[in-house]
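The structure under discussion appears below in the form of structure tokens.
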Number of protein chains: 2
Amino acid sequence: MASIKDVAAEAGVSVATVSRVLNDHPSVSADARTRVLAAVEALGYRPNAVARSLRTDQTHTLGLVISDVLNPYFTELARSVEEEARALGYSVIIGNADERPDLQDHHVRNLLDRRIDGLLVSPTDGGSPLMLDAARAGTPMVFVDRWIPGVDVPVVRADGRAAVRDLVAHLHGLGHRRLAIIAGPAATTTGRERVEAFREALAACGLDLPDAYIGQGDFQAESGRRVTEGFLDLAEPPEVVFAADNLMALGALDAVRARGLRVPDDLALAAFDDIPWFVHTDPPITAIAQPTGELGRAAVRALVERIEGRPGESVTLPARLVVRRSCGENPTPVQRSTS
Amino acid sequence: MASIKDVAAEAGVSVATVSRVLNDHPSVSADARTRVLAAVEALGYRPNAVARSLRTDQTHTLGLVISDVLNPYFTELARSVEEEARALGYSVIIGNADERPDLQDHHVRNLLDRRIDGLLVSPTDGGSPLMLDAARAGTPMVFVDRWIPGVDVPVVRADGRAAVRDLVAHLHGLGHRRLAIIAGPAATTTGRERVEAFREALAACGLDLPDAYIGQGDFQAESGRRVTEGFLDLAEPPEVVFAADNLMALGALDAVRARGLRVPDDLALAAFDDIPWFVHTDPPITAIAQPTGELGRAAVRALVERIEGRPGESVTLPARLVVRRSCGENPTPVQRSTS
DNA sequence: CCTCCTCGTGGAATCGATTACATCGACTGG
DNA sequence: CCAGTCGATGTAATCGATTCCACGAGGAGG
């Protein structure tokens with residue numbers, strides 16, 4: 001593959017001049033410029049990004065470490081991150097942690113070794129020493145969706161509190177009183193937060209959340225199935241199950257089906273995170289939708305701010321309730337778009 | 001960030017020795033080794049992958065350019081590619097082409113500039129000059145799912161012919177006679193092939209495929225909707241629609257719903273590509289399932305073979321029919337696993 | 001005891017770019 | 001007419017690794 005030296009030789013100039021032309025530095029004669037451009041064309045020369053990065057100490061690459069690519073929420077997030085990054089002149093390397101802290105560390109280390117300019121993370125756990133060190137060492141970093149408390153890093157996320165309140169009000173309005181939740185891992189902020197929001201919303205309706213109605217899931221479908229089976233085995237099973245993410249909702253749906261029961265007649269179902277498929281399930285699933293695309297874009301913008309030396313702001317956007325049929329029929333739709 | 005020089009200074013040896021320790025070269029004394037390792041530990045040194053790549057001309061990185069990340073089929077493919085690559089010591093940079101040839105070219109160019117060791121592509125179109133040049137120039141390359149005819153590059157894909165035959169037989173057995181297809185772009189091999197397989201399978205049942213029953217889609221949901229509306233407006237609408245991918249099936253489902261019609265009573269529906277959600281749609285959708293994970297792994301293995309100088313084999317795996325309820329109820333399941 | 005290998009090590013070239021500094025010619029203004 | 005300036009260009013250092021080659025010490029064999 002042709003290098004800058006070959007181009008210089010072909011054009012009859014020095015490598016410095018070639019470099020100047022390529023980075024359109026002002027002081028190059030029109031003559032030299034055309035000769036260089038012609039040589040570039042003739043040789044099919046493309047600058048070696050590796051060499052350039054070594055010299056300039058910039059890779060124009062962002063790392064994105066997410067917890068589960070197969071989760072449509074994160075897929076959409078990844079997509080919007082890549083789009084915004086591309087618009088700003090960056091590439092993205094995605095690392096899939098599969099909800100496993102060891103894999104997450106593997107990816108963070110790998111990305112750091114590759115000298116990415118900045119790191120976007122949705123941490124699976126409370127924070128590996130590796131990531132904390134990186135943050136402390138000054139690696140530009142932004143948390144998206146989930147975060148690690150006590151680390152001085154901007155956080156871009158959705159606030160689901162209002163939407164959860166709307167959801168519980170909706171459920172209460174439909175006459176449901178025994179509400180259960182399939183929680184995410186306590187090690188994640190979203191895992192904890194959603195339970196808390198749910199508990200508070202219940203309290204506002206005068207209901208409480210017994211321990212038996214809190215099932216411990218791990219954001220994967222299988223755990224949703226398992227927890228739901230546990231709920232159904234209770235002496236007094238809940239009337240509604242709220243899954244803290246879409247995959248666990250899927251597992252819950254499976255579990256209900258497997259028993260020959262029906263949603264919402266035998267058990268109502270709602271989920272955090274809305275995805276296109278929820279419109280088409282049987283029945284369509286009531287969900288809390290995050291502004292995923294906007295989250296991804298805001299996260300990239302914050303990260304690029306940091307990279308370029310500016311502070312980089314935390315952003316919190318509201319989620320909103322989308323009512324469908326999985327919690328029971330109600331002629332009056334409670335589709336409030338919360339502020 | 002500490003460099004190899006800092007480590008050498010700290011350990012009181014030369015950089016050459018440090019490098020030898022790090023690449024466990026045999027001729028290093030035990031004493032030097034421990035001193036170097038201690039220095040590495042003390043400084044928290046991590047080798048700079050950029051510098052290493054420049055020198056060795058290897059990035060241990062594969063590029064994967066897919067047509068649409070939001071399509072669960074490709075998401076799963078990407079995941080299995082990343083897993084297998086990681087197992088073999090490679091990282092993966094994913095480029096999302098969004099079915100747009102210009103974006104595809106952008107990613108290919110970007111990946112080439114970054115000097116990835118090999119390229120995995122599922123081309124959106126018949127082949128940009130850029131990609132053909134890269135292949136001719138000897139960039140290790142493998143096509144996955146889709147390919148470009150006449151290019152000497154291994155192809156890893158699923159053969160759906162047998163499964164399509166099974167599907168048509170199943171539909172014929174249910175009494176359907178007017179079968180239509182929502183085709184993918186003619187520029188893609190999978191787009192063309194699936195139509196051909198469908199036509200042949202129909203012929204085997206003594207049916208033919210009128211032009212009016214071939215709708216031109218682009219593998220995106222919206223096109224499935226549009227084409228299905230066209231079918232429903234026909235004087236003699238089809239009884240079954242076969243969508244050449246899962247997103248177009250989703251669009252078709254939407255279109256049917258929007259008219260207040262029902263699947264399968266008013267229009268039966270089947271799709272190429274099976275995804276977890278098809279179990280949960282209303283009704284569950286009959287689909288042709290590709291061995292996606294195996295495809296991804298085989299593609300990576302073939303690519304790594306090429307990178308390491310060996311030939312690298314093309315692989316074709318069978319797809320299989322998964323019967324659900326979207327084509328009508330039939331007590332006898334035709335769930336044949338084809339050879 | 002000398003020669004020859006082997007082993008461990010360091011010096012320095014190298015990969016392909018960017019960029020500070022030096023140089024040189026032409027032009028301008030006093 | 002000469003000093004000073006400016007624009008275009010080249011030379012060489014540099015980024016952080018790998019690796020070829022040379023060198024010295026020590027052991028084996030004649």
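These numbers come from a predicted model, not from an experiment. Per chain, numbering begins at 1; letters A, B, ... match sequence-line order.
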Practice problem: Take atom CG of A:L54 and atom C1' of C:dT18, then tell me their distance rounded to the nearest Å. | Solution: 10 Å

Can you tabulate the close N/O pairs, meaning under 3.5 Å, that link protein atoms to atoms of nucleotides 25-28 of chain D?
none

So which protein N/O to nucleotides 6-10 of chain D N/O distances come out below 3.5 Å?
| residue | atom | partner | partner atom | Å |
| --- | --- | --- | --- | --- |
| D:dT9 | OP1 | A:S29 | OG | 2.7 |
| D:dT9 | OP2 | A:S29 | N | 2.8 |
| D:dT9 | OP2 | A:S29 | OG | 3.1 |
| D:dG10 | OP2 | A:S14 | N | 2.8 |
| D:dG10 | OP2 | A:S14 | OG | 2.9 |
| D:dG10 | OP2 | A:T17 | OG1 | 2.7 |
| D:dG10 | O6 | A:R20 | NH2 | 2.5 |

Quiz item: Passes salt bridge (Lys or Arg N to Asp or Glu O under 4.0 Å), A:R79 versus A:E76? Steps please.
Solution: CA-CA 5 Å; A:R79 180 207 159 98; A:E76 197 184 330; over 6 Å; no

Quiz item: Could you give the angle between the helix axes at the two ends of the helix from C:dC1-D:dG30 to C:dG30-D:dC1, with five pairs per end, rounded to 10 degrees?
Solution: 50°

Self-check item: Sugar-phosphate, base or nothing in reach of A:S3, heavy atoms under 4.0 Å
Solution: sugar-phosphate

Quiz item: Can you check whether B:F143's main-chain N or O pairs, donor with acceptor, with B:R146's side chain at less than 3.5 Å?
Solution: no

Quiz item: What is the distance, rounded to the nearest whole Å, between atom CG of A:D57 and atom C1' of D:dG16?
Solution: 11 Å

Quiz item: For the side chain of B:R55, counting heavy atoms from C-beta on, which of C:dT19, D:dT18, C:dG16 is nearest?
Solution: D:dT18

Practice problem: Given side chain to side chain contact (heavy atoms under 4.5 Å, CB included), test A:L295 with A:Y73 step by step and report yes or no. | Solution: CA-CA 11 Å; A:L295 245 30; A:Y73 167 72; 3.7 Å; yes

Quiz item: Starting at CG of A:L22 and ending at P of C:dT19, how long is that distance when rounded to a whole Å?
Solution: 12 Å

Quiz item: Under a 4.0 Å N-O cut-off, is there an ion pair linking B:D102 with B:R100?
Solution: yes

Quiz prompt | Summary of side-chain hydrogen bond (donor to acceptor under 3.5 Å, both in side chains) pairs that have at least one residue in residues 147-158 of chain B, sequence neighbours excluded | solution = B:R157-B:E193

Quiz item: Between A:E305 and A:R301, does at least one N-O distance fall below 4.0 Å, as a salt bridge requires?
Solution: no

Quiz item: Where do A:R306 and A:P140 come nearest, in terms of heavy atoms and distance?
Solution: CB-CB, 4.1 Å

Quiz item: Roughly, in whole Å, what's the span from CE in B:M1 to C1' in D:dA17?
Solution: 15 Å

Quiz item: Rounded to whole angstroms, how far apart are CZ on A:R52 and C1' on C:dT19?
Solution: 13 Å

Quiz item: Would you say D:dA17 has OP1 or OP2 under 4.0 Å from some side-chain N or O of B:S19?
Solution: no

Quiz item: side-chain hydrogen bond (donor to acceptor under 3.5 Å, both in side chains) with B:N110: which of B:H107, B:R114, B:H106?
Solution: B:R114

Quiz prompt | Between D:dA17 (C1') and B:K5 (NZ): distance, integer Å | solution = 10 Å

Quiz item: Tell me the salt bridge (Lys or Arg N to Asp or Glu O under 4.0 Å) pairs involving residues 5-33 of chain B, sequence neighbours left out?
Solution: B:D31-B:R35

Quiz item: What integer distance in Å separates B:Y45:OH from D:dG16:P?
Solution: 10 Å

Quiz item: Within this structure, what is the CD1-to-P distance between B:I4 and C:dG10, rounded to whole angstrom?
Solution: 12 Å

Self-check item: Pair B:E99-B:T124, side-chain donor/acceptor within less than 3.5 Å
Solution: no

Quiz item: Just checking B:N23: base, sugar-phosphate only, or nothing, at a heavy-atom cut-off of under 4.0 Å?
Solution: sugar-phosphate

Exercise. Could you verify whether a donor N or O on one side chain and an acceptor N or O on the other, from A:N96 and B:E82, lie under 3.5 Å apart?
Key: no

Practice problem: Provide the full list of salt bridge (Lys or Arg N to Asp or Glu O under 4.0 Å) pairs with a residue in residues 50-62 of chain B, sequence neighbours left out, each pair given once. | Solution: none

